[in-house]
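Report on the structure given below.
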Amino acid sequence: MGHRALVAYEQADGTFDLHYSQWGALGFRLAYTLAETDPFGPDETVEPTPRATGLSFDVILTDYLDFLLHEAFYVVSPGFDVTAYVPVWFGLETDDEVVGNGALVPVIWRNGTPVDVEYLEGWVDGAKTSLRAHHEQCALTPAAIQEFFAETLPEWFGNDVILASEVR
């Protein structure tokens, strides 16, 4: 168990080193605990040894980020600006593709607290319940469901939503 997160540290050459955190998604706390003086957080919340190095952002989204397993994704700039994202998986069934099949929705902060994450998760769950019913009646294909999320997530949650399907 845990609150799994991936953390992408941007390097000076524009590539990323990818690290894992078992509890890093809890309260999106890595967004405010990672610092140049403490790059892996208190008690090394983020594993210091990278899972992979020299990656492009696109490769991370399409080959490493499991949109079902990882509850948070962070990008850390060379100046240690940290951006937190909520991964949204586009699949309906557990045998659907989980890597490269989703979007990253930026976390919105108010007074140091992430807001609207529960609203986002509820919106996605509600949409999936409705889409699953249509899918079971063979009225929607998995590609149509992916297209629905790809079109509606930016409309509802802003243009900073990053779609993994666009980088394929």
Side-chain angles (χ1 to χ4, degrees), residues 1-8 10 15-16 18-31 45-47 50-52 55-76 82-168:
M1 204 63 196
H3 293 280
R4 300 172 187 101
L6 286 181
V7 184
E10 186 176 4
T15 64
F16 294 85
L18 190 62
H19 294 251
Y20 174 77
S21 174
Q22 180 70 21
W23 293 97
L26 186 62
F28 294 94
R29 63 184 178 186
L30 294 181
T45 306
V46 178
E47 292 179 355
R51 296 277 170 113
L55 302 172
S56 71
F57 191 75
D58 296 351
V59 167
I60 292 171
L61 291 186
T62 58
D63 295 352
Y64 287 90
L65 182 59
D66 182 327
F67 285 88
L68 183 59
L69 178 72
H70 299 114
E71 298 174 34
F73 181 77
Y74 299 91
V75 175
V76 181
V82 181
T83 305
Y85 294 92
V86 178
V88 175
W89 178 52
F90 290 170
L92 297 177
E93 308 296 334
T94 54
D95 58 347
D96 289 348
E97 188 173 353
V98 294
V99 177
N101 185 20
L104 295 173
V105 178
V107 173
I108 298 170
W109 298 87
R110 191 169 299 127
N111 298 324
T113 302
V115 295
D116 293 340
V117 173
E118 290 178 2
Y119 172 77
L120 167 66
E121 293 170 344
W123 182 89
V124 170
D125 288 346
K128 285 188 176 188
T129 298
S130 178
L131 295 170
R132 183 176 292 112
H134 291 287
H135 177 66
E136 289 170 356
Q137 296 171 358
C138 299
L140 281 177
T141 64
I145 293 167
Q146 184 176 3
E147 185 177 322
F148 168 81
F149 281 116
E151 289 178 5
T152 55
L153 278 172
E155 290 174 11
W156 280 71
F157 299 99
N159 291 328
D160 292 333
V161 170
I162 300 170
L163 302 171
S165 59
E166 287 185 352
V167 299
R168 288 183 166 199

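The first residue of the sequence shown is numbered 1, and numbering continues consecutively from there. Side-chain atoms are counted along with the backbone in the values below, which use heavy atoms only and exclude waters and symmetry mates.
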- Task: Starting at CZ of F16, measure out to CG of L6 and round the result to the nearest 0.5 Å.
- Result: 13.0 Å
- Any pair counted as side chain to side chain donor-acceptor pair (under 3.5 Å), so long as it reaches residues 64-74, sequence neighbours left out: H3-E71
- Task: Report the residues that fulfil ring pair (Phe, Tyr, Trp, His ring centres under 6.0 Å) with Y85, sequence neighbours left out, ordered by chain and then residue number.
- Result: none
- Message: Could you measure the distance from the CD atom of Q146 to the CG atom of L92? Nearest 0.5 Å is fine.
- Response: 11.0 Å
- Message: Going by ring pair (Phe, Tyr, Trp, His ring centres under 6.0 Å), name the residues that satisfy it together with F28, two or more places apart in sequence or in a different chain.
- Response: none
Using distance only, find each side-chain donor-acceptor pair of residues 154-162 under 3.5 Å and give its atom names and separation, not counting sequence neighbours.
none

- Message: Among residues at least two apart in sequence or on other chains, which ones pass salt bridge (charged side-chain N to carboxylate O under 4.0 Å, His left out) with E121?
- Response: none
- Item | side-chain contact (heavy atoms from CB on, under 4.5 Å) partners of A144, counting only residues at least two apart | L140, T141
- Q22: partners by side-chain contact (heavy atoms from CB on, under 4.5 Å), with sequence neighbours left out: R4, Y20
- Item | Nearest heavy atoms of F67 and G102, plus distance in Å | CE2-C, 3.6 Å
- Separation between CG of L131 and CD1 of I145, rounded to the nearest 0.5 Å: 5.5 Å
- Task: Under the ring pair (Phe, Tyr, Trp, His ring centres under 6.0 Å) rule, collect the residues that match up with H134, sequence neighbours excluded.
- Result: none
- So which heavy atom on A25 is nearest to which on A72, and how close? CB-CB, 3.5 Å
- Item | Atom pair CZ/CG of F90 and N101 - distance to nearest 0.5 Å | 7.0 Å
- Item | Within residues 110-120 or reaching into it, pairs that qualify as salt bridge (Lys or Arg N to Asp or Glu O under 4.0 Å) - sequence neighbours excluded | none
- Message: Ignoring hydrogens, what is the shortest heavy-atom contact between W109 and G27? Give both atom names and the distance.
- Response: CH2-O, 4.4 Å
- Pairs where residues 126-151 contributes a residue and the test salt bridge (Lys or Arg N to Asp or Glu O under 4.0 Å) is met, not counting sequence neighbours: E93-R132
- Query: Should L65 and L104 be marked as a side chain to side chain contact (heavy atoms under 4.5 Å, CB included) after you check the CA-CA gap, both sets of side-chain angles, and the distance that decides it?
  - Reply: CA-CA 10 Å; L65 182 59; L104 295 173; 3.5 Å; yes
- Query: Can you name the side-chain contact (heavy atoms from CB on, under 4.5 Å) partners of T45, sequence neighbours left out?
  - Reply: S21, R29, L30, P42
- Message: In the structure I gave you, are the side-chain heavy atoms of L120 and L153 within less than 4.5 Å of one another anywhere?
- Response: yes
- Message: Please find the pair of heavy atoms, one from F73 and one from A8, that lie closest to each other, and give the distance.
- Response: CZ-CB, 3.9 Å
